[in-house]
Each structure stands twice: as C-alpha cells, then as structure tokens.
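Just below is one structure, and these are the notes that go with it.
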Number of protein chains: 2
Amino acid sequence: MSAIRERTACRAVTALNRLSSLADLSEASVRLIQDLSDLSSIPAGVELGSEREAALRPRFVLGGWAARVRWLPDGRRQILNFILPGESIGVCERPSPLSLATMVSLTPMQFIDAVPVQRALNSTDPTFADLRDAIHMAASLDEAFLLSQVLRLGRQTAYERLCHLLLELRDRLSMCGLGEETHFPLPLTQETLADATGLSIVHINRVLQQLRREGLVAVHGGRARLLQPELLRTIADYRKPLVSAEAPLRPLF
Amino acid sequence: MSAIRERTACRAVTALNRLSSLADLSEASVRLIQDLSDLSSIPAGVELGSEREAALRPRFVLGGWAARVRWLPDGRRQILNFILPGESIGVCERPSPLSLATMVSLTPMQFIDAVPVQRALNSTDPTFADLRDAIHMAASLDEAFLLSQVLRLGRQTAYERLCHLLLELRDRLSMCGLGEETHFPLPLTQETLADATGLSIVHINRVLQQLRREGLVAVHGGRARLLQPELLRTIADYRKPLVSAEAPLRPLF
DNA sequence: CGATCAGTTGAAGGCTATCAAAGACTGTGG
DNA sequence: CCACAGTCTTTGATAGCCTTCAACTGATCG
C-alpha cells in the first residue's frame with residue numbers, strides 16, 4: 001500500500017492493483033509497472049496461441065476477458081480457465097516448449113507489454129524481490145483456481161458449479177478493483193458459461209433462472225449481482241484462496 | 001542418454017529415468033541425483049499435507065502412488081491429479097504460502113529427499129542448467145496433465161474419460177521405466193478411479209466391463225492391459241504432451 | 001426489414017447416480 | 001487349515017440430473 005496511491009493515473013491500473021494486493025510493492029517496482037507503455041489490443045473472438053505453439057510473449061491484460069480453451073474433434077469445447085483484467089499472459093511461466101492450450105478473447109481486449117517485468121523476474125536484482133513475490137503469488141493463485149475448476153467439474157452439481165464459479169469471478173475481479181462484494185461485470189454469453197462449467201447452454205439458462213427465482217443471483221446486461229453472497233458461499237462450499245501476508249514468501253534455501 | 005546408462009544401480013532410478021527423458025542430463029546432474037540418500041517411506045492412506053498447510057519439503061517419489069485431493073463437506077471427494085513413481089513433491093514449486101490441496105498416499109510409498117536438487121534449482125550454477133531444464137519441463141508436463149483433467153471432467157463421457165485417463169497413466173509410467181505400451185501397473189481401487197474421473201464406483205465398474213467386453217482394456221490384479229491402444233487414442237482423443245527436444249528450452253532474456 | 005445471435009421454453013430421452021444386496025478376495029487369528 | 005471380518009467387486013432395479021432437439025422470442029445491425 002506504499003507507493004501505489006501516489007499516482008493512480010497509470011495505464012496498467014488493473015495489473016498494478018492486483019499485484020499490490022499480493023505483496024507490498026516498493027516504489028521501484030510500482031514505477032517499473034507504471035512505465036510500461038507498449039499497448040496493443042484485439043477484438044473479441046481471436047485465437048491468441050494454438051495448442052502446440054511456442055509460449056506467448058509476456059504481457060498484462062488491461063481490459064477485456066479471455067479464456068484458455070481445449071476442443072474435442074466433434075466440436076465440444078471446454079474452457080480451462082478465464083483470464084481477467086489485471087492478470088498476465090506468459091509472465092512467470094517456466095520456459096516451456098509445450099503450449100498447453102489455445103487462448104481465445106471473449107471480449108475486445110487491451111494489453112500492455114510486460115517484457116521489462118519479465119526481465120526483472122529473471123534477474124536476481126534485490127530491488128524487485130517484492131515484485132517477484134507478487135508474481136509468484138499470482139501464479140500460485142492461478143493454480144489454485146485451476147484446482148477449483150477440477151473440483152467443480154468433477155464433483156459439484158450444475159447448481160453448485162455456477163455459484164462457485166460466480167464467487168470465484170467476483171473475488172478475482174475485486175482483486176484488481178473491478179466489481180464489488182455484491183456485483184461485478186460479467187461479459188459472458190450463456191454459451192461461454194456452459195463451456196466453462198461443462199454444462200449445456202439450455203441447462204445454464206435454467207439454473208440461472210432458478211438462482212434468480214430464489215433471489216440468489218441476478219445476471220443481466222453483462223453484469224452479475226449476488227443477492228445473498230453468504231448463502232452462495234455455503235451452497236458452493238466456496239473458499240477464497242488465502243493470500244496470507246503472515247506466511248513467509250521466501251524460498252527454502 | 002549420456003551418463004545415465006553407466007550406473008543403473010541407483011536408488012532414485014525412477015526419478016532419474018524420468019528426468020533424463022526430459023532433458024539430456026550431464027554427468028554432474030546425474031551424480032547429484034544418484035547421491036541422494038535420505039530415504040523415507042509411508043504406508044497407504046496417509047495424508048501428507050492439509051489444504052492450508054505450508055508447502056511440503058522437496059522429495060522424489062521412488063515407489064508408490066499418491067493423489068492430490070479435495071473434499072466437499074458432505075463427503076464427496078475429487079482427485080485432482082495423481083503422483084506417480086519418479087515424480088516429485090515440492091520440487092520446483094514457487095515459494096507459496098498457500099497449499100492448494102491435500103495429498104493422500106494410495107499405496108505404500110518410498111521417498112528420497114531432494115533438498116540438494118532444490119538447492120541446485122535455486123542456484124544459477126551453470127553446471128546444473130540441464131537439470132533445471134528437466135525440472136521445469138516436468139512442471140510444465142504436470143500442468144498439461146491438469147488441463148487434460150479439466151477437459152476430461154468437463155466435456156468427456158464416462159467411457160472417454162476412463163480411456164483418456166488410462167492412456168495418460170500409461171505414458172506417465174513409461175517415462176520412468178514402469179510399464180510398457182500395452183500394459184502397466186494400476187494399483188487403484190475402482191473407488192479411486194471413480195474419484196479421479198468424477199464418476200460413481202458402480203459406473204466405473206460398468207464402464208470397465210464394457211471396455212473388457214469390447215476387447216479394449218483389461219484391468220485385473222493391480223495391472224492394466226491396453227489391448228487396442230490405437231483405438232483407445234481415437235476414442236479418447238488422447239494426445240501425448242509433446243516433449244520436443246528441438247524446441248528451445250531457454251528463457252526469453 | 002431480413003438476418004443473425006443470444007436468450008427462453010417445452011418435451012423426450014439418455015447417461016449416470018443411488019440404493020440394495022450378493023459374490024469375490026485378502027489377511028487375520030484360532 | 002478354516003472361519004471370519006473387512007474391503008473390493010459385481011449385479012439389478014429405480015430414479016434423476018442434465019442433454020438434446022426443436023421452436024420461438026427479442027434484440028441488434030447493416
């Protein structure tokens with residue numbers, strides 16, 4: 001919470017918000033991110049990397065939603081996870097010749113090149129130790145969300161899955177300053193929700209109506225409102241991944 | 001394939017097999033692994049780390065199977081992924097205060113402490129660059145398998161899921177020298193298979209029988225035989241994650 | 001204003017779960 | 001060596017969640 005408040009007029013606000021909620025960033029780290037300048041953008045529906053392709057160049061998502069996706073030969077599609085504003089692509093990745101999925105933009109997106117951040121990450125410069133911590137934490141969070149996705153798909157009902165997913169999206173968006181406890185942007189079609197939860201479009205529609213009837217959730221016009229967040233948490237057994245500042249963020253050796 | 005063949009009488013054979021199939025290890029790296037000596041073992045059914053606990057200390061699995069698991073309050077259980085002989089626990093992990101799941105041993109297991117390897121990983125010693133490559137590749141593979149798990153659970157039928165999982169287990173086991181193209185050890189109960197595939201025990205039983213009737217797969221006495229591996233691949237749309245030696249294993253900067 | 005796309009609704013059916021109980025297998029102790 | 005308990009596997013019957021198919025509405029757009 002130190003240096004970040006001083007200059008909020010930064011293009012990478014979302015990313016900066018997110019990282020500084022993961023570790024207390026120094027002035028130098030904040031400035032490194034603020035000085036990022038190489039912007040780019042794409043429309044909705046673009047494939048950013050095919051399955052066997054080399055890793056994507058590092059960048060932050062400033063705005064817009066994407067998804068990592070896998071297809072089956074007969075057209076079935078599964079969304080592996082979402083990529084939200086403030087999150088990163090190809091940052092902190094292990095150098096890896098195997099690209100693991102295709103990325104698809106679900107809305108128009110804006111990026112900012114993160115090569116300087118990646119460079120700081122690969123260095124051992126103590127100036128950016130906090131930044132490395134934050135990015136490692138972000139990667140751990142990503143993994144935690146992926147594991148939640150497995151639990152949802154494997155052992156939860158359609159009803160529980162949707163509640164669980166909505167709570168996760170709320171928490172992820174609030175990390176970068178988008179959305180609040182009870183409402184947040186949700187620029188997804190029901191088809192996209194279906195592909196993320198492993199359900200059919202029709203069933204997504206019916207479960208959403210049930211949630212609406214029961215006064216739990218209202219999804220309309222690209223936004224979601226959680227009317228009874230606590231009840232939702234119980235229904236879905238949702239647990240926010242703990243980002244505990246107390247726990248030491250240091251390697252073992 | 002260089003130094004490894006010379007001394008096969010090594011306790012960490014499985015781990016060494018696996019890593020040297022991921023990168024061409026130098027004499028020094030091979031010796032580092034061969035010199036690991038701190039053995040330990042546990043019986044089946046032991047929980048190794050609870051969900052919110054700190055990361056586990058680094059070690060290699062020499063023998064035995066484990067699973068990472070999450071539970072729901074009403075007793076439903078989902079296996080997130082399997083941990084097989086030759087694979088590692090807590091090696092190459094980001095320093096992370098969030099432990100993401102509970103680990104459970106499914107059979108008696110033997111470990112060997114991997115602290116020296118972890119130390120080489122955290123260093124920048126060029127001697128062990130190849131070893132770092134191999135371990136990074138192993139981590140990428142783990143992620144690829146996790147993504148496959150999502151696809152299985154979200155968009156495949158019970159029949160396809162089982163075929164896909166069996167093919168994955170075959171490939172993972174063959175990497176460390178256990179099992180072959182058409183048969184491999186499978187020390188799992190049907191309940192465990194059910195928890196891994198998100199199905200009920202009864203249904204696993206019926207699908208296994210169907211696969212047997214059709215002459216595709218025979219699972220008996222802790223072993224699996226794939227009678228028509230090619231047909232299975234087609235059914236499950238299984239794709240072995242490419243470990244291409246050609247692709248450069250170097251960071252961008 | 002036709003066309004396209006997202007959302008909605010109804011009916012029918014299939015895949016998979018649940019319940020219940022009977023066989024097989026394993027290891028133990030007498 | 002056998003009885004026995006416990007776990008794993010198998011089988012049948014029933015039910016239900018969710019899918020598929022089909023059609024209709026409403027909105028957006030050139």
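So you know, we letter chains A, B, ... as the sequences are listed, proteins then strands, and number each from 1. Just so it is clear, the model here is predicted, and its values are computed rather than measured.
Of the inter-residue distances, the one linking A/Leu227 atom CG with A/Glu214 atom CD reads 11.5 Å to the nearest 0.5 angstrom.
Between the side chains of A/Arg152 and A/Gln149, at least one donor N or O sits under 3.5 Å from an acceptor N or O. Using modelled atom types, one finds no donor on one side chain facing an acceptor on the other under 3.5 Å when comparing A/Ser148 with A/Arg239.
The interatomic distance linking B/Leu106 (CG) with D/dC8 (C1') rounds to 15 Å, in whole Å.
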Inset, instruction - Treat primed atoms plus P, OP1 and OP2 as sugar-phosphate and everything else as base, then score nucleotides 3-17 of chain C 5' to 3': B for base contact with protein heavy atoms under 4.0 Å, S for sugar-phosphate contact only, - for none. - result: ----SBBBB----SS

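A salt bridge is absent between B/Arg68 and B/Glu87: the closest approach of a Lys/Arg side-chain nitrogen to an acidic carboxylate oxygen does not fall below 4.0 angstrom.
In this structure the side chain of B/Leu193 reaches within 4.5 angstrom of the side chain of B/Leu165, judged on heavy atoms.
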